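Below: one structure, written as structure tokens.
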2 protein chains.
Amino acid sequence: MSSVEPTVLVVEDETAIRDMIAFALDRAGMQVQLAGDAQEALVSINKKRPDIILMDWMMPGVSGIELTRRLRREPYTEDIPIIMLTARVSEDDKVSGLEAGTDDYVIKPFSPRELLARIRAVMRRSTPADNNGQINAEGLVLDTISRRVSHQGEPIHVGPTEYRLLEFFMSHAGRAYSRGQLLDHVWSANTYLEERTVDVHIRRLRKALEPARISHYLQTVRGHGYRFLAEPRTAAK
Amino acid sequence: MSSVEPTVLVVEDETAIRDMIAFALDRAGMQVQLAGDAQEALVSINKKRPDIILMDWMMPGVSGIELTRRLRREPYTEDIPIIMLTARVSEDDKVSGLEAGTDDYVIKPFSPRELLARIRAVMRRSTPADNNGQINAEGLVLDTISRRVSHQGEPIHVGPTEYRLLEFFMSHAGRAYSRGQLLDHVWSANTYLEERTVDVHIRRLRKALEPARISHYLQTVRGHGYRFLAEPRTAAK
DNA sequence: CGGAACTGTCATGAAACTGTCACACCTGCA
DNA sequence: TGCAGGTGTGACAGTTTCATGACAGTTCCG
């Protein structure tokens with residue numbers, strides 16, 4: 001897997017907790033960036049894009065959840081996994097956090113070990129490979145730099161919306177999304193669109209993937225939405 | 001959460017150490033499975049999924065670290081916490097062990113007391129509720145992220161209602177619910193439905209679980225309702 | 001200006017899903 | 001043994017959900 005040490009950004013206003021986390025992560029061989037508030041966090045991210053972000057829910061000024069929303073809006077940061085540190089436990093918070101784009105939660109108080117476990121779990125889940133601008137899934141390659149799609153060398157043409165949709169799906173492979181979530185993430189926010197619109201774009205994307213015989217990578221989750229899953233060849237072990 | 005005794009799989013080639021560990025764990029009221037090498041370990045895991053694995057770093061044949069990688073690759077096993085037993089002390093080994101998906105490690109020589117403490121710590125942190133969106137019960141995995149159900153890797157198709165029903169049951173395993181309670185929890189409120197409707201959905205869910213031969217996980221509680229209980233394999237019947 | 005590409009919405013039919021029923025079956029009890 | 005209430009099972013019709021093709025409005029170019 002990735003032989004380089006992952007970089008973790010810790011956004012937390014309480015110095016004691018921040019230092020504790022920093023110590024634990026450092027011991028585990030991770031690069032650590034520290035930030036005391038959202039402002040510092042943004043600066044830090046701009047300087048060096050972290051592989052994962054640990055973020056306190058409650059912070060002076062811009063809250064963790066608000067910062068998450070902002071990060072999710074920018075292409076440069078939207079794919080960074082975020083783990084929320086929170087004292088809250090209610091279902092509502094959980095839901096709104098997940099909607100905002102959080103990948104996991106750790107509820108205070110937590111042990112350094114638990115934190116490490118979560119970080120590893122999230123990274124194992126969301127790090128497909130080393131990221132040089134390409135996302136690869138069973139021969140389907142999406143190049144975020146040239147903004148092109150190809151399958152086993154053969155170029156595939158997709159429209160702008162289909163491209164964004166595919167990019168979102170491929171960088172969150174395996175995960176099921178409702179139509180509402182897809183509208184939030186793939187279309188610019190604040191635009192109200194019919195949910196059926198998603199269906200049509202899925203259809204167009206499938207059509208584009210059809211010549212490569214991989215349209216089934218886009219799976220329908222009945223009663224819910226869609227999911228991208230590039231199934232490996234069904235071969236016995 | 002699980003009040004039942006945890007099952008611990010010990011993978012260790014040195015008989016003396018293995019016996020010592022087995023004795024200590026048994027005294028602490030834990031179920032113990034033993035394996036002398038990776039091969040035996042895989043067989044044992046297939047027979048009964050352990051709640052945690054103690055694994056020697058150095059073993060003849062497939063090493064502990066390699067076995068860890070393999071286990072992390074399979075959905076059925078990827079969530080089992082692993083504690084590595086090692087004589088090595090260098091930083092490098094420590095890091096690569098963690099990267100491979102190990103949850104903790106104990107350096108030889110160690111005391112039974114230390115071992116138990118580590119086991120309890122790891123289990124405490126990896127059990128809490130929706131671990132990483134997966135609910136696992138004896139090989140039956142419900143993934144709330146991808147919204148899929150599978151048994152020992154084999155996907156299982158269930159309809160939307162059956163999915164919600166199973167999710168509810170699995171996150172309240174062992175508990176018996178009346179038909180009325182199930183209607184309240186699984187169906188959206190304010191809908192009046194015939195109580196027998198529950199029976200039919202139970203039936204459909206059982207049918208879906210039938211190919212995996214685990215339809216008996218859904219038990220009938222006569223005169224009351226139903227209960228989900230994934231029983232470990234009973235030897236003979 | 002004109003065409004090509006793209007976008008959002010809609011109508012339609014097929015497929016999946018849902019709730020209900022009738023009847024078979026099973027269990028405990030008189 | 002027969003009865004009575006509870007549960008399993010298959011069938012069915014109504015409903016919901018989704019795939020698909022069409023269409024009109026837009027934008028983006030030459």
Side-chain angles (χ1 to χ4, degrees), chain A residues 147-149 155-169 176-211 213-228, chain B residues 147-149 155-169 176-211 214-229:
Chain A
R147 220 180 159 81
R148 276 192 294 204
V149 184
I156 292 177
H157 175 80
V158 298
T161 305
E162 281 73 54
Y163 177 86
R164 289 201 310 277
L165 187 58
L166 183 60
E167 181 181 14
F168 178 76
F169 266 127
Y177 291 94
S178 70
R179 292 174 177 74
Q181 290 176 310
L182 290 172
L183 284 173
D184 285 349
H185 284 111
V186 175
W187 278 258
S188 38
N190 311 340
T191 50
Y192 177 73
L193 294 179
E194 213 53 51
E195 291 209 331
R196 291 265 147 266
T197 299
V198 175
D199 297 30
V200 178
H201 282 278
I202 289 279
R203 152 79 172 149
R204 286 169 182 156
L205 195 42
R206 278 182 178 152
K207 209 165 197 170
L209 298 181
E210 184 47 45
R213 297 161 159 269
I214 53 172
S215 55
H216 60 279
Y217 282 8
L218 287 169
Q219 305 177 346
T220 303
V221 182
R222 238 181 193 260
H224 184 70
Y226 297 92
R227 161 181 58 214
F228 178 91
Chain B
R147 223 184 159 83
R148 286 200 306 176
V149 182
I156 293 176
H157 176 82
V158 298
T161 304
E162 280 74 52
Y163 177 87
R164 289 201 309 277
L165 188 58
L166 183 60
E167 181 179 17
F168 178 77
F169 267 127
Y177 291 94
S178 71
R179 291 172 178 74
Q181 289 175 310
L182 290 172
L183 284 173
D184 285 348
H185 284 112
V186 176
W187 277 257
S188 38
N190 311 341
T191 49
Y192 177 73
L193 293 178
E194 213 54 50
E195 290 210 332
R196 293 303 308 274
T197 298
V198 175
D199 296 30
V200 178
H201 281 280
I202 288 280
R203 151 78 174 151
R204 284 169 183 158
L205 195 42
R206 279 180 177 154
K207 209 165 197 171
L209 298 181
E210 184 47 45
I214 53 172
S215 53
H216 60 279
Y217 282 9
L218 288 169
Q219 304 176 345
T220 303
V221 182
R222 202 153 219 278
H224 183 68
Y226 297 91
R227 165 179 55 213
F228 178 90
L229 196 54

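Note on naming: letters A, B, ... go to the chains in the order of the sequence lines (proteins, then strands), and numbering restarts at 1 for each one. Values below: all heavy atoms of this structure, side chains included; hydrogens, waters and symmetry mates excluded. Predicted model, so just to flag it, every value in this text is computed and none were measured.
Distance CG (D199(B)) to P (dC26(C)): 16 Å, rounded to an integer number of Å. Taking atom NE2 on H157(B) and atom P on dC17(C), their separation rounds to 4 Å, with Å as the unit. E162(B) has its CD atom 8 Å from the P atom of dC17(C), to the nearest Å. Nucleotide dC17(C) holds its P atom 13 Å from the CG atom of L205(B), rounded to whole Å. A straight line from CG of L166(B) to P of dC17(C) spans 15 Å, rounded to a whole angstrom. For the pair R179(B) CZ and dT20(C) P, the computed distance is 14 Å after rounding to whole Å. Atom-to-atom, NZ of K207(B) to P of dC17(C) comes out at 14 Å; the value is rounded to the nearest Å. Atom NE2 of H201(B) and atom C1' of dT9(D) are 15 Å apart (whole Å).
Tested against V198(A) for a side-chain contact (heavy atoms from CB on, under 4.5 Å), the candidates L183(A), V186(A), L165(A) yield a single pass: L183(A).
A donor-acceptor contact under 3.5 angstrom links the side-chain atoms of R196(B) to the base of dG8(D). The base of dG28(C) is not paired with the side chain of R222(B) by any donor and acceptor separated by under 3.5 Å. In this model, a side-chain donor or acceptor of R204(A) finds a partner on the base of dG8(C) within 3.5 Å.
T197(B) places a side-chain heavy atom less than 4.5 Å from the side chain of E194(B). Using a 4.5 Å cut-off on side-chain heavy atoms (C-beta onward), L193(B) and W187(B) make contact.
Residue R206(B) has its side chain nearest to dG8(D) when only dT9(C), dG8(D), dT7(C) are considered. Side-chain atoms of P160(A) lie closest to dT7(C) of the nucleotides dT7(C), dC10(C), dG19(C). Proximity note for E194(B) (side chain, C-beta onward) versus dT7(C), dG8(D), dT20(C): the nearest is dT20(C).
Under 4.0 angstrom from either OP1 or OP2 of dG5(D) there lies no side-chain N or O belonging to H224(B). Side-chain nitrogen and oxygen atoms of Y226(A) include at least one within less than 4.0 Å of the OP1 or OP2 phosphate oxygen of dA19(D). Taking side-chain N and O atoms only, T220(A) has no distance below 4.0 Å to OP1 or OP2 of dT17(D). Between dT7(C) and T161(A), a contact under 4.0 Å exists linking OP1 or OP2 to a side-chain N or O. Taking only side-chain nitrogens and oxygens, W187(A) never comes nearer than 4.0 Å to OP1 or OP2 of dT7(C).
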Walk me through whether Y177(A) and F168(A) qualify under ring pair (Phe, Tyr, Trp, His ring centres under 6.0 Å).
CA-CA 11 Å; Y177(A) 291 94; F168(A) 178 76; 4.8 Å; yes

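The residue V221(B) sits close only to the backbone: its heavy atoms come under 4.0 Å of sugar-phosphate atoms, none of a base.
There is a side-chain donor-acceptor pair under 3.5 Å between T220(A) and R206(A).
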